Amino acid sequence: ASPISDQIISHVSLIFGSLGDTSRLKLLRTLLEAGEPLCQGKLAELTGLSQANASKHLALLVQVGLVLREQQGNLVFFKPVEPIVEELCDLVCGHVKARIENAYHAMK
């Protein structure tokens with residue numbers, strides 16, 4: 001494997017930093033579960049976020065490259081960047097689930 005530059009490490013840090021917020025994770029989960037692009041209003045409704053809050057978090061997810069923004073007429077739709085978002089979420093959620101299950105079984 002080739003060495004990873006400081007510039008790449010900086011970009012990776014931005015991605016992981018963007019995943020450190022519950023609201024952004026809810027937006028990503030909702031987009032993955034929908035299986036189709038959703039507009040900001042629908043995302044706000046489905047996640048329980050205000051329009052302004054959803055807008056702020058979606059802008060960051062677009063900026064770091066985890067979500068794509070598509071203008072269609074007067075509406076803007078968002079979709080997760082595949083397959084990275086789904087694979088990353090599956091990997092981390094699977095790890096957390098296994099840790100919880102192991103802790104539960106250790107208590108028995």
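Values in this document were obtained by computation on a predicted structure and should not be read as measured data.
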>> Who clusters with L75? Use side-chain heavy atoms, under 4.5 angstrom, across I, L, V, M, F, W and Y, and order the result by chain and number.
In response: F77
>> Looking at I9, I'd like to know if its CD1 atom is crowded, meaning that more than 12 non-hydrogen atoms belonging to other residues, nucleotides or ligands lie closer than 6.0 Å.
In response: yes
>> Distance check, rounded to the nearest 0.5 Å: L68 atom CG versus F78 atom CZ?
In response: 10.5 Å
>> Could you measure the distance from the NE2 atom of H95 to the CD1 atom of I100? Nearest 0.5 Å is fine.
In response: 10.0 Å
> Is there side-chain contact between P80 and E82, with heavy atoms separated by less than 4.5 Å?
Replying inline: yes
>> Can you confirm whether L58 sits close enough to R69 that some side-chain heavy atom of one is under 4.5 Å from a side-chain heavy atom of the other?
In response: no
> Atom SG in C39, atom CG in N74: separation rounded to 0.5 Å?
Replying inline: 12.0 Å
> Is L19 close to V64 at the side-chain level, that is, under 4.5 Å between some pair of heavy atoms?
Replying inline: no
> Could you walk me through whether H57 and D21 pass the side-chain contact (heavy atoms from CB on, under 4.5 Å) check?
Replying inline: CA-CA 9 Å; H57 290 302; D21 182 274; 3.5 Å; yes
>> Please give me the minimum heavy-atom distance between S50 and A44, naming the atom from each residue.
In response: O-CB, 4.0 Å
> Roughly how far, to the nearest 0.5 Å, is CG of L31 from CG of L61?
Replying inline: 8.5 Å
> Are any of the side-chain heavy atoms of L66 and S18 separated by less than 4.5 Å?
Replying inline: yes
>> Is the shortest side-chain heavy-atom distance between V67 and V62 below 4.5 Å?
In response: yes
>> Considering only residues two or more places apart or on different chains, which pairs with a residue in residues 27-41 satisfy side chain to side chain donor-acceptor pair (under 3.5 Å)?
In response: Q40-Q51
>> Before you tell me yes or no, could you show the steps for L28 and L88 under side-chain contact (heavy atoms from CB on, under 4.5 Å), namely the whole-Å CA-CA distance, both residues' side-chain angles and the distance that decides it to 0.1 Å?
In response: CA-CA 11 Å; L28 288 172; L88 188 57; over 6 Å; no
>> Is it the case that over 12 heavy atoms from other parts of the model lie below 6.0 angstrom from the CD atom of E101?
In response: yes
>> Treating N102 as the side-chain partner and A98 as the backbone partner, does any N or O pair qualify as donor plus acceptor under 3.5 Å?
In response: yes
> Between C89 and L32, what is the shortest heavy-atom contact and its length?
Replying inline: SG-CD1, 4.0 Å
> Among the clusters formed by ILVMFWY side chains lying less than 4.5 Å apart, do I8 and F16 turn up in the same one?
Replying inline: yes
> How close do R24 and G17 get, heavy atom to heavy atom, and via which atoms?
Replying inline: NH2-O, 3.7 Å
> Considering only heavy atoms from C-beta outward, does the side chain of H11 approach that of I15 to under 4.5 Å?
Replying inline: no
> Which residues satisfy the salt bridge (charged side-chain N to carboxylate O under 4.0 Å, His left out) test with K26, sequence neighbours excluded?
Replying inline: none
>> Rounded to the nearest 0.5 Å, what separates atom CG in L46 from atom CG in L38?
In response: 6.5 Å
